[in-house]
Amino acid sequence: MGSRVLPLSVPKDAPNEVNERLLQIDLSDPILEGEKNNLLSSEQNGVLGRVSSGLGGGKREMVSRSFHGSRPCCGDDSDLEDGVLTKKREKILHCCKPVKISNQALLSGFAYCLSSCSMILINKYVLSGFDFNAGISLMLYQNFVSVVIVSFLSKLGLISTEPLTWRLIRIWFPVNVIFVGMLGTSIFSLKFINVAMVTVLKNVANVMTAIGETYLFKKHHGIKVWTALFLMIISAISGGATDLSFHAVGYSWQILNCFLTASYSLTLRRVMDVAKHATKSGNLNEFSMVLLNNVLSLPLGILLTVSFNEVDYLSKTPLLKMPIFWLVITLSGLLGLAISFTSMWFLHQTSATTYSLVGSLNKIPLSVAGILIFKVPTSLENLLSILFGLIAGVFFAKAKMKG
């Protein structure tokens, strides 16, 4: 489940497993960086002039068309002559007009929600649908996909990353151990617990993080925040008590995951401040952190794969001979990066406040989809507990905004 870095401008109550994958990149949206270009139309004996593309909704569009010596894009062969010139040119401009996206915030929010929900559901499908019993290997492969893609983009010059020096690696290694543990326990818990309950139980990480901020950083939280955290604890307990598919091992992994998630978010900023001084530029951007986390996770992942005896399982399972299985797990790795890019796009179009609230609301359709797709046995009491926990999560996000 590669490429996870908590964006520092986003509240730590961001949506469940997405917290482990997020990346905020300080780059401009390429859609907004296009420059106005001129439409050139030509007559038989010369250039008629330039017509500037219109700007609508505050967004600049980039249109680069040239009709000199070629057929108009509308498929009209006739020459532009005399009285029909203006009408023909207007026709050309109309049919060559690019499709405009009127609401970038809505589109980016939809892309973010779709990628984050899909990532969790596809991981659940790999673990339960294919009955894949090598969670560490799945994490290792997803991180490898992230390393390959980020390195490739860096080589092309599309993104910038810091060189991975031994000094930087030594500083980052402790937080990377927590990172790998967080990802591994998340996969183990998802193997045994349904998506809806995982979503609710991850709220416990918010409780642990808030307590850690209070005692370690002396951060004050308002009464509304603590009330929401208390409601989250109640929903987690009641949800577990009414869970018809309760699995003690899965719940144990999830509790450990919450502890590691809180530890990761609490230690990340402090390590980042130290790591910046170990870079050549004196700064550590988020792409560099993604690359650093995932590169360092590879040797740790291999060690854990051997420790959990997954090598023997991988040598015997027929799944590795199925092209559809490789397609699905590769897609899961790509979705990890998709969450990073779409969250960056969404934050660029809106704000951390809107992002956090949308993330909390996103848990509701995710939980419903998890129950319906995987046909989870449930009861009215359990459904009410899940709904109660999701509402508490939204309440917590709103309380943090005002705090």
Side-chain angles (χ1 to χ4, degrees), residues 11-20 113-114 116-125 127-129 185-186 188-211 221-259 261-262 356-403:
K12 296 180 181 66
D13 50 294
N16 50 70
E17 196 163 299
V18 177
N19 265 351
E20 300 161 8
C113 291
L114 181 63
S116 61
C117 287
S118 300
M119 177 65 198
I120 298 172
L121 293 174
I122 203 169
N123 274 339
K124 180 65 176 178
Y125 178 67
L127 297 168
S128 299
T185 53
S186 177
F188 287 148
S189 64
L190 196 60
K191 169 71 176 178
F192 300 104
I193 310 177
N194 67 74
V195 172
M197 280 308 305
V198 166
T199 302
V200 172
L201 291 173
K202 279 184 177 290
N203 285 334
V204 177
N206 293 329
V207 179
M208 295 180 177
T209 302
I211 294 174
H221 296 291
I223 185 65
K224 290 184 178 179
V225 171
W226 289 112
T227 301
L229 292 173
F230 176 74
L231 294 177
M232 288 178 179
I233 295 175
I234 296 299
S235 67
I237 295 174
S238 60
T242 57
D243 187 3
L244 298 181
S245 57
F246 179 86
H247 198 291
V249 174
Y251 273 71
S252 299
W253 282 120
Q254 185 55 52
I255 293 172
L256 181 57
N257 173 259
C258 290
F259 175 77
T261 301
S356 180
L357 184 58
V358 169
S360 297
L361 293 172
N362 192 35
K363 294 179 180 180
I364 297 175
L366 173 62
S367 299
V368 173
I371 292 174
L372 295 178
I373 293 175
F374 298 102
K375 299 178 181 179
V376 178
T378 186
S379 62
L380 179 61
E381 293 82 2
N382 186 244
L383 289 175
L384 291 176
S385 298
I386 293 171
L387 180 61
F388 184 69
L390 297 175
I391 294 174
V394 175
F395 181 54
F396 174 69
K398 296 187 69 174
K400 288 277 285 185
M401 293 172 195
K402 298 177 181 178

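Quick note: numbers below take in every heavy atom, side chains included, and nothing from hydrogens, waters or symmetry partners. Just so it is clear, the structure is predicted and the values come from calculations on it, not from any experiment.
A distance of 5.5 Å separates CD1 in I211 from CH2 in W226, rounded to the nearest 0.5 Å. Taken to the nearest 0.5 Å, the CG atom of L383 stands 3.5 Å off from the OG1 atom of T378. Summarising the geometry, atom CG belonging to L361 is positioned 10.5 Å from atom CD1 belonging to I391; distances are rounded to the nearest 0.5 Å. Atoms CD1 and CG, on I237 and L201 in that order, are 10.5 Å from each other to the nearest 0.5 Å. Distance check: S238 OG to D243 CG gives 11.0 Å after rounding to the nearest 0.5 Å. Here L256 contributes atom CG and T261 contributes atom OG1; the two are 9.0 Å apart, rounded to the nearest 0.5 Å.
Defined by atom type and a distance below 3.5 Å, a donor-acceptor pair is present between the side-chain atoms of S116 and N362.
Contact of the N194 side chain with the F374 side chain is not registered, since no non-hydrogen atoms from C-beta on lie closer than 4.5 Å.
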Please walk me through it: do T227 and K224 pass side chain to side chain contact (heavy atoms under 4.5 Å, CB included)? CA-CA 5 Å; T227 301; K224 290 184 178 179; 5.5 Å; no
Under the side chain to side chain contact (heavy atoms under 4.5 Å, CB included) criterion, do F396 and L231 qualify, and how do the steps go? CA-CA 9 Å; F396 174 69; L231 294 177; over 6 Å; no
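For the pair K363 (side chain) and V200 (backbone), a donor-acceptor distance under 3.5 Å is absent. Side chain of K202 to main chain of Q254: no donor-acceptor pair is present (N/O by atom type, distance under 3.5 Å, no hydrogens or angles). Judged by distance alone, the side chain of S128 and the main-chain N or O of Y125 form no donor-acceptor pair under 3.5 Å.
For the pair A262 and A205, the tightest heavy-atom approach, listed with the atom from each and the gap, is CB-O, 3.9 Å. Between L244 and S379, the shortest heavy-atom contact is CD1-N, 4.0 Å. When every heavy atom of G389 is checked against every heavy atom of N203, the shortest pair comes out as O-ND2, 3.4 Å. What you find for I255 and M208 is that their closest heavy atoms are O-CE, 4.4 Å. Scanning all heavy atoms of the two residues, the minimum distance from N382 to M197 falls at ND2-SD, 3.9 Å. Considering all non-hydrogen atoms of both residues, L121 and I373 come closest at CD1-CD1, 4.1 Å.
The list of ring-ring contact (aromatic ring centres under 6.0 Å, His included) pairs with a residue in residues 229-253, not counting sequence neighbours, reads F188-W253, F192-H247, F246-Y251.
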